[in-house]
Amino acid sequence: MRLGTWALSVAASLAFTTAATAREPSYRAELVRTAYGAPHVTAADYGGLGYGAGYAAAQDNFCDFAERTMTVSGERSRYLGAGERDANIVSDLYHQRLIRTGRLEAKLAGEVPGGFKPSADARALGRGFIAGINRYVRDTGAANLPDARCKGAAWIRAYTETDYWRAIVAGQQPTMMAGVATAAPPGVADIVAPHGPAERSPVPEGQGSNAYALGREVTKTGRGVLLGNPHYPWDGINRFTRMHLIIPGKLNIVGAGLQNSPTIGIGHNQWVAWTHTVSTARRFGLFELKLDPKDPTAYIHDGKSVPMEKTAVTIQVKTSAGLEPLTRTLYDTRFGPVVEAPTNPWTAERAFAVRDAPVDLRSVDQYLTMYQARNVRQLAAALSRFQAAGFNTTAVDAGGEAFYGDIGPLPFVTDAKAEACSVSDVARTAWKTTRVPVLDGSRSACEWDSDPRAATAGIYPASALPQIFRNDYASNSNDSYWLTNTKQPLAGFGRIFGEEATARSLRTRLSLKQIEDRVAGTDGLGAPKFDLAGVQAVLFGNRNLGAEMARDPLVALCRRAAAGPQPDLAEACDALAAWDLKVNLDSRGAHIFRLFADKGGLAFKVPFDPSDPVNTPNTLDVENPKVLAALLDSVKQLRTLKIPMNATLAQVQTEPRAGGERIPIHGGPGPEGIFNVITPVELKPELGWTKIRHGSSWIMAVEFTPKGPISQGVLSYSQSTNPTSPNAADQTRLYSQKGWDDLNFTPAAIRRAAVSTMVLKGK
């Protein structure tokens, strides 16, 4: 994302120093960096832990933090202008609306009935984190920041604890942000156009994750082994950053978390390791409002007209003539804000409101509690207590028990309620096709149900959510909970949770096949069952299930066509025939199959059979004309782009870094049946795919042993977003080489591996 640069005045610099120093309590932390810039923070308390984590975060990615804070403060337009398609205006209107409500401050003060007030430890961690970031800017000077994207930028300022919590709350908001910011009653001109439908995909294109929790029955030592393999964006606010947090005698947790936060989201302690995958459950819903015929900004509820709450939001927009104010009125209801999109316009008769399953401020305390778990039962209890997880959780413990659970805030909407309370074609279609409940907002009987056992009102209690404990394995690759374990499918849950007894993705099927093959020792990776090296070899084995199933019949079809009316296919036929069916750097022909799959060529003859979900559908339908058409179109595209048919993947799939470096990247898109997901941007002539959009990001493998956990990982896009940093490309090269870095879990290991050490003290 393009960031402007502006001079920071001396007065502003002094204001930053004075404001930050005046608020800074006493902190102390030791920050040790090991290989690849991995930070290890040790402190006596949570405040010091946050302080060291904040300083490390700012060293690595300060510009990203500063921009994120500018975003959640609703000030993008002030400093960057309206943005493409008024994107900054939309963002500012949305976030300024949240600020205007004052609910965040009220929740932090414990003034919201039924709301959650963060613990003293959670507050201390956040305060320390912000203090560490402010300390870094004071030490460095805004005008001397090493990253040109924000060096001397006018939007650098002293940051507060409220900024920290605001970023956490903003991360829980729906992707229909634009629909909220642009909703307007009929007859009121739009200031900016809606940016897409209200519905949101549970798994954005290319995102998702793989998770293996391998229990005592399938491991070589009878202890737990875990693989965490999230497939998140390689750029933007959802990048991971490595982290290690230690309070001697109290806390030792290593792994990675999202930037701009001191919490580790995927990691392990001495006894338990866990990871997350994107869930198919709907964590939001819509309400269809029947409007008052006399007033389109009032809605009927239980026979009474209820006026919408109106909030006038004013933002400042940078233009060539200077700052110009822009004011828009946004609308709220008892259910949530009014949202508008092409599929659900605001008319004189009806409008729609969006409601998210509430997380409030519970997520930090949830993780702090998870960090203390000594087995997966305690981990599940922490998830159940707070219900703040936005994802599936898959975990394993030292004793070899595996766990999977989608234990988070899920709207308490039964199938019966969704069907009875869908009063329009729009609502019925949404429920049928997307499983998003669009309920009748005119009847209190159609509001979400509640259960006193749940963490908050309006959500299912944790005991009603999909979860499983096993001694063999639990696995998830972004399909629903149903086939977490082939021996014990989870079933009987409502549609809002996910689909049951339906075809699984090729990636899920490969995930389950890999477990079967490793346990049997038939995958060519050594003796049966899993250990650390085995689970690493499975991930980087770079199998392509779609190719394993379809390549041979595709080659036969290709050769028949080449011998007849399509002789120009011959070269592609030869490349496909010689392909090793992998997505390794030296694999030749993988790019042909990728285009073939992208163009709809993977059409199977044998349909899905719920009694054999891992092996069906199957058998390439070579009689289907779209199969040959997809191959012909793929070959034509490659010839047009002047990309050789026998090119290696290393030649056609790369990630750019400073100085014109192009790092070869192995892996490929999940829809082909690839476990090690890499989703690049569009092809470029002669070069191929030159930028990765999503894919394997923080990769972590853990094995519990009698001497404690051993763990290794790699952050595929590297630790720092600053192009000039030595840690902006080093792990990307490591990933390219299928390498792993030791996580150095113990203090002794940290000392042995230390590259640099800082002792940070506050005032």
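For the numbers below, each heavy atom of this structure counts, side chains included, while hydrogens, waters and symmetry mates do not.
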Next on the checklist: Could you go through His231 and Ser209, starting from their C-alpha distance and side-chain angles, then the distance that decides it, and tell me whether this counts as side chain to side chain donor-acceptor pair (under 3.5 Å)?
Outcome noted: CA-CA 5 Å; His231 305 149; Ser209 304; 5.6 Å; no
Item to check | Derivation of the ring-ring contact (aromatic ring centres under 6.0 Å, His included) call for Phe540 and Trp740 | outcome: CA-CA 11 Å; Phe540 284 161; Trp740 297 80; 5.3 Å; yes
Next on the checklist: Could you go through Thr721 and Asp64, starting from their C-alpha distance and side-chain angles, then the distance that decides it, and tell me whether this counts as side chain to side chain donor-acceptor pair (under 3.5 Å)?
Outcome noted: CA-CA 8 Å; Thr721 53; Asp64 297 78; 2.4 Å; yes
Next on the checklist: With side-chain contact (heavy atoms from CB on, under 4.5 Å) as the criterion, how do Val225 and Leu227 come out once you've worked through the C-alpha distance, each side chain's angles and the decisive distance to 0.1 Å?
Outcome noted: CA-CA 7 Å; Val225 172; Leu227 174 69; over 6 Å; no
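The ring of Tyr404 has its center no closer than 6.0 angstrom to the ring center of Tyr481. For Tyr232 and Phe240, the gap between ring centers is short of 6.0 Å. In this structure, Phe403 has its ring center at least 6.0 angstrom away from the ring center of Tyr473.
Closest approach of Ala474 to Thr394, counting heavy atoms only: O-CG2, 3.7 Å. Annotation for Ala211 and Thr275: closest pair CB-CG2, 3.4 Å, computed over non-hydrogen atoms. Nearest heavy atom pair, residue Phe497 against residue Thr280, reads O-OG1, 3.0 Å. Scanning both residues, Ala389 and Ile407, for their nearest heavy atoms gives CB-O, 3.5 Å. Nearest heavy atom pair, residue Gly255 against residue Met700, reads CA-SD, 4.4 Å. The two residues Phe530 and Ile515 have their closest heavy-atom pair at CZ-CA, 4.0 Å.
Taking the six-membered ring for Trp and thresholds of 30 and 60 degrees, His268 and Phe704 have ring planes more than 60 degrees apart, a perpendicular arrangement. The aromatic rings of Phe745 and His244 lie parallel to each other, with less than 30° between the two planes, well short of the 60° mark.
Ion pair Lys582/Asp580 not flagged as a salt bridge, since none of the NZ, NE, NH1 or NH2 atoms sits closer than 4.0 Å to an Asp/Glu carboxylate oxygen. A salt bridge does not link Asp523 with Arg543: every distance from a Lys NZ or Arg NE/NH1/NH2 to an Asp or Glu carboxylate oxygen is 4.0 Å or more. Note on Glu661 versus Arg733: salt bridge recorded, some NZ/NE/NH1/NH2 to OD/OE distance being below 4.0 Å. A salt bridge links Asp60 to Arg33: at least one charged side-chain nitrogen sits closer than 4.0 Å to a carboxylate oxygen. Remark: Asp235 does not engage Arg693 in a salt bridge, criterion side-chain N to carboxylate O under 4.0 Å. Between Glu655 and Arg662, none of the side-chain N atoms (NZ, or NE/NH1/NH2) sits under 4.0 Å from a carboxylate O, so this pair counts as no salt bridge.
With hydrogens and angles left out, the side-chain atoms of Lys738 and Gln536 include no donor and acceptor closer than 3.5 Å. In this structure, a donor-acceptor pair under 3.5 Å is present between the side chains of Asn485 and Asp472. Defined by atom type and a distance below 3.5 Å, a donor-acceptor pair is present between the side-chain atoms of Ser477 and Asn210. Counted by atom type alone, Thr522 and Arg518 present zero donor-acceptor pairs between their side chains at under 3.5 Å. A side-chain donor from one of Thr241 and Gln719 sits under 3.5 Å from a side-chain acceptor of the other.
Between Met243 and Thr263, the closest side-chain pair of non-hydrogen atoms is not below 4.5 Å. Side-chain contact between Leu483 and Asn476 is absent, with no heavy-atom pair separated by less than 4.5 Å. Side-chain atoms of Leu383 and Met370, non-hydrogen and from C-beta on, do get closer than 4.5 Å to each other. Contact annotation: the side chain of Leu595 never approaches that of His591 to less than 4.5 Å [non-hydrogen atoms, C-beta and beyond]. In this structure, Leu554 and Phe596 have side chains that are in contact, with non-hydrogen atoms separated by less than 4.5 Å. Side-chain contact between Lys513 and Asn615: present, with at least one pair of heavy atoms (C-beta onward) separated by less than 4.5 Å. The closest side-chain heavy-atom distance from Leu465 to Gln387 is below 4.5 Å. Counting only heavy atoms from C-beta outward, the side chains of Tyr717 and Gln731 never approach each other to under 4.5 Å.
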Side-chain donor-acceptor contacts of residues 666-674 below 3.5 Å, not counting sequence neighbours, with atom names and distances?
| unit_1 | atom_1 | unit_2 | atom_2 | d |
| --- | --- | --- | --- | --- |
| His666 | ND1 | Asn542 | ND2 | 3.2 |
| His666 | ND1 | Asn676 | ND2 | 3.2 |
| His666 | NE2 | Tyr735 | O | 2.7 |
| Glu672 | OE1 | Asn544 | ND2 | 2.9 |

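Rounding to the nearest 0.5 angstrom, the gap separating the OG1 atom in Thr648 from the CD atom in Gln653 is 10.5 Å. Note that OH of Tyr212 is 3.5 Å distant from OG of Ser511, once rounded to the nearest 0.5 Å. We find the CZ-CZ distance between Arg509 and Arg504 to be 11.0 Å, quoted to the nearest 0.5 Å. To the nearest 0.5 angstrom, Ser634 atom OG is 8.0 Å from Asp598 atom CG. To the nearest 0.5 Å, the span separating CG on Asp406 from NE2 on His276 amounts to 11.0 Å. One distance of note links CD of Glu67 with CG of Asn61; it measures 12.0 Å at 0.5 Å rounding.
Annotation: cation-pi pair Arg594/Trp689 present, NZ/CZ under 6.0 Å from the ring centroid and within 45° of its normal.
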